[in-house]
Protein chains: 2
Amino acid sequence: MVDKESPLPMYYQIEEDIKKRIDEGLFEAGKPIPSERELSEQYEVSRMTVRQAISNMVRNRLLYREKGRGTFVAEKKFEQPLEGVTSFSEDMKRRGLSPHNELLLFEKRKPDETTGELLGLEAEDVYYLKRIRYADGEPMAVEETFIPVRLFPELTEKIFEEMSFYEYIETKTDVSIHRARQTIEAGIAEKEEAEPLAIEEGAAILQIERIGYLTTGVPFERNISTYRSDRYKFISDMYRN
Amino acid sequence: MVDKESPLPMYYQIEEDIKKRIDEGLFEAGKPIPSERELSEQYEVSRMTVRQAISNMVRNRLLYREKGRGTFVAEKKFEQPLEGVTSFSEDMKRRGLSPHNELLLFEKRKPDETTGELLGLEAEDVYYLKRIRYADGEPMAVEETFIPVRLFPELTEKIFEEMSFYEYIETKTDVSIHRARQTIEAGIAEKEEAEPLAIEEGAAILQIERIGYLTTGVPFERNISTYRSDRYKFISDMYRN
DNA sequence: GTTATATAGTTGTCTATACCAATTTTCACT
DNA sequence: AGTGAAAATTGGTATAGACAACTATATAAC
């Protein structure tokens, strides 16, 4: 059930076990799970440890509590929740598609005025990337990315070939991604967009601008993606405040 | 500072006090707050109680923790956060625009197949609304809404003239809105869309479909909005999971 | 000066217990 | 059968302590 000797924390193992029991149908949606005291006996841990596991699951909306009544299994969420900030690669993977890149340009340059303002830069260089993004071998989007050189002095072309930029940040650096503001608009393909996307001029395109911020509050990227509207829809789950 | 005799929980009072200290500038963004042990002495509570307060604030992204280093004040959020599920009226208001409606159609009817499936209906009627949405007097979007009659048997044309549907749900009924899945795509205006929006055929339009769900997990609306892309951009804040 | 090494400080995990507040169940009384 | 009080059960709050894992700093060795 759970392993006291495991390097994984007990509360985490308990979370996974409860999730398993929900998947197996032992705990049903809308019905109560055993009480915290009962679970603490089953797992042979203190009640506070069970509470920590349950609290995490409540935060993730898998369970909800009612004082004096018990803890209940929430109605199933979207089969596959589509939340949060994701890179193109991550987005494609969760759609079941296989992403790949064609790097058209990679250089250091002075940012244009808009980019400089959005990234809070003063006379600093940015990396500029222009890429064609493919999904299952078909062109899906053209993407321009601006990244302040100061934040990631070691970036190379090779890194962008080998891994997702977000993956790089989260595994190879000690900073972390916090949030992003995305602006989505519809447009008409000019020659500049139509050609790399292999569509007609005058076709509809979906343009997404994303400004990404680190936990420190510092903006770390401006990303402008132009998607083929016949192949791509932007899907996201939101919650009522 | 905090009051042991207060009926408010200690951890809640501590949260409020830390927020106050951040507002007053005693704790600065990006810098560490005192350690949990230090705070537990200051407030004369156990460390676990301080941890509970801090954990809540971390969940709300006001603070972030780094193991072995400390707990830090997060950079201020967007001045005006653009999160969550909102109705057209709410969306316009937070953009500083004044919304108004033109109701083209309001009737009960059998849902088409797609709508029936999305709303999980079997041989049940829906309300069908078609509206032109204005912002500061200018046409902004045409909107079609499908709502199962069973969920809101008392709906009338008058209600939609007087208030926002979301406001109605939250103030006049005992159910509440939980979440929504939005699908955004770009398209080209046909005559049907161009005319009510007062744009040319062939212009770009932004189409947003929203399926809304109640806390019980039951879908309560399908909303299809077609926006003028020259006047409207979809803006949203997202967080990294 | 540079490099290991110890040390002190931080959050992370966990225990065992206690009492409170809200709800459900039990059961005696009518 | 119905009513109402008491008891049991549940999650909510809080304590006091312990050790682990990680980080930064001071110290000793080279």
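Order of the sequence lines fixes the chain letters, A, B, ..., with proteins taken first and strands second; residue numbering starts at 1 for each chain.
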How long is the straight-line distance from CD1 of Ile18(B) back to CG of Leu39(B), given to the nearest 0.5 Å?
5.5 Å
Distance below 4.0 Å between Ser46(B) side-chain N/O and dA14(D) OP1 or OP2
no
If you count heavy atoms of other groups shown closer than 6.0 angstrom to CD of Glu162(A), is the number above 12?
yes
So, is Arg65(B) near the phosphate of dG12(C), with a side-chain N or O under 4.0 Å from OP1 or OP2?
yes
Can you tell me if the side-chain N/O atoms of Ser35(B) get under 4.0 Å from OP1 or OP2 in dG9(C)?
no
Ignoring backbone atoms, establish whether Arg51(B) has a side-chain N or O less than 4.0 Å from OP1 or OP2 of dG12(C).
yes
Between dG17(D) and Arg47(B), counting only base atoms on the nucleotide and side-chain atoms on the residue, is there a donor-acceptor pair under 3.5 Å?
no
When the nearest nucleotide of DNA chain C is assigned to Gly68(A) and to Tyr12(A) on a heavy-atom basis, which residue is associated with the more 5' position?
Tyr12(A)
Taking the minimum atom-to-atom distance to the side chain of Thr49(B), which one of dG12(D), dT15(D), dG12(C) wins?
dT15(D)
Atom NZ of Lys4(A) and atom C1' of dA20(D): how far apart are they, to the nearest Å?
16 Å
Using a cut-off of less than 4.0 Å, is there contact between a side-chain N or O of Thr71(A) and OP1 or OP2 of dT10(D)?
no
Along DNA chain C (nearest heavy atom to each residue), the more 5'-positioned of Arg69(A) and Tyr11(A)
Tyr11(A)
Glu221(B) and Tyr166(B): side chain donor to acceptor below 3.5 Å
yes
Quick one: CE on Met57(B) to CG on Leu63(B), what's the gap to the nearest 0.5 Å?
4.5 Å
